[in-house]
There are 2 protein chains.
Amino acid sequence: MDAAAEVFRQRGYAATSVDNLVEATGVHRGSLYGAFGSKHGLFMRALDAVDTTRDPASRLDLALIGLLELAPGDPHVRERIAGVLEAHDITEEQLGRRLLTRAGLPRSGGPT
Amino acid sequence: MDAAAEVFRQRGYAATSVDNLVEATGVHRGSLYGAFGSKHGLFMRALDAVDTTRDPASRLDLALIGLLELAPGDPHVRERIAGVLEAHDITEEQLGRRLLTRAGLPRSGGPT
DNA sequence: GTCATTCAAGAACGATCGATCAAGTACCCA
DNA sequence: TGGGTACTTGATCGATCGTTCTTGAATGAC
């Protein structure tokens with residue numbers, strides 16, 4: 001599960017194939033669908049996982065991915081992430097900063 | 001071109017198919033590849049387009065998508081977006097705020 | 001011992017992806 | 001007017017997508 005979250009976190013949602021998840025988790029295709037129903041279901045469970053993780057970067061990354069790729073058209077994901085943001089007091093600035101760091105651009109148009 | 005940027009902006013990069021772009025722009029498949037070489041090349045040109053647009057939301061959306069989906073593994077995109085951010089003095093907080101707004105979550109864990 | 005049930009495992013499915021290419025058409029200059 | 005060039009168009013390519021289904025082995029009850 002943590003392995004799945006890690007793959008989503010690094011590759012993004014759409015860019016992550018089920019093969020990637022199978023390889024990363026060691027769980028085989030059929031079992032994966034038996035347990036989670038779909039790639040989407042697995043992502044939701046990954047959100048649950050990072051909600052309780054102690055690594056804030058993982059949490060922020062998965063929130064970013066969910067917000068950008070899924071949330072606009074998926075109320076279920078939207079609400080789930082809203083809960084995560086609220087539970088951990090994640091601010092807009094934290095999201096923006098993590099987005100830049102993850103992209104390899106730690107600096108923004110900040111003060112001189 | 002603006003039409004292409006709009007499609008990327010709404011759907012994201014990976015989730016946008018070349019068919020989507022063909023349909024949105026009215027330009028046919030072959031011509032699209034003749035002019036831009038690849039989906040990636042077209043995205044780069046869309047970045048150029050929003051760099052000079054007057055709509056800040058479009059600019060922010062495309063920057064968000066590029067940063068999250070492409071920039072971590074693509075230095076060319078990364079630098080191009082860095083230029084956009086700097087040219088328009090876009091801050092981390094602006095990025096974070098726009099991310100939430102686009103996702104349909106205007107509020108974060110802000111003050112009471 | 002025997003049969004039913006469960007679960008892992010991966011082969012196979014249709015759909016769709018990004019990209020290429022052959023064929024058709026219009027045009028321009030000599 | 002004739003010949004060649006450049007562009008448009010959409011059919012087609014192999015690869016890969018998310019998902020389903022068949023297969024085979026293991027387990028437990030009686």
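Residue numbering restarts at 1 for every chain, and letters A, B, ... go by the order of the sequence lines.
Using a cut-off of 4.0 Å between Lys/Arg side-chain N and Asp/Glu carboxylate O, B/Asp51 and B/Arg59 are scored as not salt-bridged.
One finds a side-chain N or O of A/His28 lying less than 4.0 angstrom from the OP1 or OP2 phosphate oxygen of C/dG10.
Taking atom CG of residue B/Leu21 and atom P of nucleotide D/dT9, one finds them 17 Å apart after rounding to whole Å. Between B/Glu23 atom CD and D/dT9 atom C1' the separation is 17 Å, expressed in whole Å.
Counting only distance, with no hydrogens or angles, the side chain of B/Lys39 and the backbone of B/Leu21 share no donor-acceptor pair below 3.5 Å. At distances below 3.5 Å, not a single donor-acceptor pair connects side-chain atoms of B/Glu86 with backbone N or O atoms of B/Gly83. A donor-acceptor pair is defined here as one N or O able to donate and one able to accept, closer than 3.5 Å; no such pair exists between the side chain of B/Glu93 and the backbone of A/Glu92. Remark: side-chain polar atoms of B/Asn20 are paired, donor with acceptor, to backbone N or O of B/Ser17 under 3.5 angstrom. Put simply, the side chain of B/Ser31 never gets that close to the backbone of B/Val27: no donor and acceptor are under 3.5 Å apart. At least one donor-acceptor pair under 3.5 Å links the side chain of B/Arg102 to the backbone N or O of A/Leu68.
In the helix from C/dG1-D/dC30 to C/dA30-D/dT1, the end axes, each obtained as the rotation axis mapping the C1' atoms of four pairs onto the next four within a five-pair block, lie 10° apart to the nearest 10 degrees.
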How does protein reach along nucleotides 14-26 of chain C, written 5' to 3' as B (base within reach of a heavy atom under 4.0 Å), S (only sugar-phosphate), or - (no contact)? ---SBBBB-----
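A ring-ring contact (aromatic ring centres under 6.0 Å, His included) check over residues 40-75 of chain A, counting only residues at least two apart or in different chains, returns the pairs A/Phe8-A/Phe43, A/Tyr13-A/Phe43.
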